[in-house]
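Numbers here simply count residues along the sequence, with the first being 1.
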Amino acid sequence: HVQLVESGGGSAQAGGSLRLSCTVSTLSGYSFRYNCVAWIRRPPGKKREYVAWVEGDGSTYYEPKSVRGRFSITKDNAKNTLILQMNDLKPEDTAIYYCAARPEYEYCYRSDSDYPNWGQGTQVTVS
């Protein structure tokens, strides 16, 4: 069983920054070093969207285009922690942010059913 716990959400003014963390833990000592992990958000009244993900080889991807250059996803393999650094925040970034993992899989897909492990979500509000 893999447990994911997000932290770092909160409120920010437009143009500000927030840093989200997702700590991945398991009794078996699972490491996500070579697996896919992702950040997904659900804006109010909208469906979930995949904003950043990193694959087993370290390749990173960002969607939609509006977050490119502002968001940065990194893995701290030593701490089994996934980071989402969000800069130049905009009101449209307001959402609940979730981290999700695909243990045993190197590649990421933007389909909720491909992620067996999810965090509880953390609220980000930009005004």
Side-chain angles (χ1 to χ4, degrees):
H1 177 68
V2 177
Q3 184 178 22
L4 292 80
V5 179
E6 301 102 336
S7 61
S11 298
Q13 292 189 338
S17 298
L18 284 173
R19 180 182 172 94
L20 304 184
S21 296
C22 173
T23 300
V24 182
S25 61
T26 176
L27 292 177
S28 65
Y30 161 75
S31 170
F32 63 20
R33 181 186 295 267
Y34 301 110
N35 300 139
C36 161
V37 280
W39 286 99
I40 302 101
R41 69 185 181 187
R42 184 191 291 276
K46 297 182 180 181
K47 63 181 180 180
R48 279 200 280 228
E49 59 181 3
Y50 287 71
V51 294
W53 56 99
V54 53
E55 298 190 327
D57 65 356
S59 299
T60 57
Y61 303 87
Y62 301 92
E63 291 290 347
K65 291 182 180 180
S66 62
V67 308
R68 296 176 188 171
R70 300 190 298 118
F71 288 15
S72 176
I73 186 172
T74 55
K75 282 181 179 179
D76 184 334
N77 292 317
K79 297 181 179 179
N80 240 21
T81 299
L82 183 68
I83 302 293
L84 184 67
Q85 178 67 42
M86 305 185 294
N87 299 326
D88 189 23
L89 284 163
K90 304 179 185 300
E92 52 264 40
D93 295 321
T94 295
I96 300 174
Y97 284 73
Y98 302 88
C99 62
R102 298 192 77 212
E104 303 178 7
Y105 293 96
E106 178 182 356
Y107 298 107
C108 296
Y109 297 96
R110 286 175 283 174
S111 172
D112 291 2
S113 62
D114 286 316
Y115 294 81
N117 304 107
W118 291 75
Q120 81 285 357
T122 186
Q123 177 70 47
V124 170
T125 303
V126 184
S127 59

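- Taking hydrophobic clusters as Ile, Leu, Val, Met, Phe, Trp and Tyr residues chained together by side-chain heavy-atom distances below 4.5 Å, Leu20 does not share a cluster with Ile96.
- In this structure, Arg42 fails the cation-pi test against Trp118, since its NZ or CZ atom is not both closer than 6.0 Å to the six-membered ring centre and inside 45 degrees of the ring normal.
- Under a 3.5 Å cut-off, the side chain of Gln120 and the backbone N or O of Val5 do not form any donor-acceptor pair.
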What verdict does the side chain to side chain contact (heavy atoms under 4.5 Å, CB included) test give for Ile83 and Arg19, after you've listed the backbone C-alpha separation in whole Å, the side-chain angles of each residue and the deciding distance to 0.1 Å? CA-CA 7 Å; Ile83 302 293; Arg19 180 182 172 94; 3.7 Å; yes

Evaluate the side chain to side chain contact (heavy atoms under 4.5 Å, CB included) criterion for residues Val124 and Met86: first the C-alpha distance (whole Å), next the side-chain angles of each, then the deciding distance (0.1 Å), finally the verdict. CA-CA 10 Å; Val124 170; Met86 305 185 294; 3.9 Å; yes

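- A donor-acceptor pair is defined here as one N or O able to donate and one able to accept, closer than 3.5 Å; no such pair exists between the side chain of Thr122 and the backbone of Tyr97.
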Applying side chain to side chain contact (heavy atoms under 4.5 Å, CB included) to Tyr62 and Arg70, what does each step give before you reach the verdict? CA-CA 10 Å; Tyr62 301 92; Arg70 300 190 298 118; over 6 Å; no

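- Note that OG of Ser127 and NZ of Lys90 are 14.0 Å apart. Values are rounded to the nearest 0.5 Å.
- Put simply, the side chain of Glu55 never gets that close to the backbone of Tyr107: no donor and acceptor are under 3.5 Å apart.
- The two atoms that bring Asp114 and Pro116 nearest to each other are O-CD, 3.4 Å, heavy atoms only.
- Considering Tyr50, Tyr109, Trp53 as possible partners of Tyr115, the one that fulfils the ring pair (Phe, Tyr, Trp, His ring centres under 6.0 Å) test is Tyr50.
- Both Val54 and Phe32 are members of a single hydrophobic cluster when ILVMFWY side chains are connected at heavy-atom separations under 4.5 Å.
- To the nearest 0.5 angstrom, Ser21 atom OG is 12.5 Å from Leu4 atom CG.
- For the atom pair Ser66 OG and Glu92 CD, the distance stands at 6.5 Å (nearest 0.5 Å).
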Using distance only, find each side-chain donor-acceptor pair of residues 10-17 under 3.5 Å and give its atom names and separation, not counting sequence neighbours.
from  : atom 1 : to    : atom 2 : distance (Å)
Ser17 : OG     : Asn87 : OD1    : 2.9

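- Within the 4.5 Å cutoff, no side-chain heavy atoms of Gln85 are placed close to those of Thr74.
- The closest side-chain heavy-atom distance from Asn117 to Pro103 is below 4.5 Å.
- In the hydrophobic cluster analysis, where Ile, Leu, Val, Met, Phe, Trp and Tyr join through side-chain heavy atoms closer than 4.5 angstrom, Tyr105 is grouped apart from Val24.
- Every residue meeting the salt bridge (charged side-chain N to carboxylate O under 4.0 Å, His left out) condition with Glu49, not counting sequence neighbours, appears here in chain and number order: Arg41.
- Asp112 is listed as a side-chain neighbour of Arg48, based on a closest heavy-atom distance under 4.5 Å.
- Under the 4.5 Å side-chain heavy-atom criterion for grouping Ile, Leu, Val, Met, Phe, Trp and Tyr, Leu89 is connected to Ile73 within one hydrophobic cluster.
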Starting from the C-alpha separation in whole Å, work towards a yes-or-no answer on side chain to side chain contact (heavy atoms under 4.5 Å, CB included) for Thr23 and Lys79. CA-CA 8 Å; Thr23 300; Lys79 297 181 179 179; over 6 Å; no

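- Leu82 is not connected to Tyr98 by any chain of hydrophobic side-chain contacts under 4.5 Å among Ile, Leu, Val, Met, Phe, Trp and Tyr, and they are in different clusters.
- Of the possible donor and acceptor atoms, none in the side chain of Lys75 sits under 3.5 Å from a partner among the backbone N and O of Gly58.
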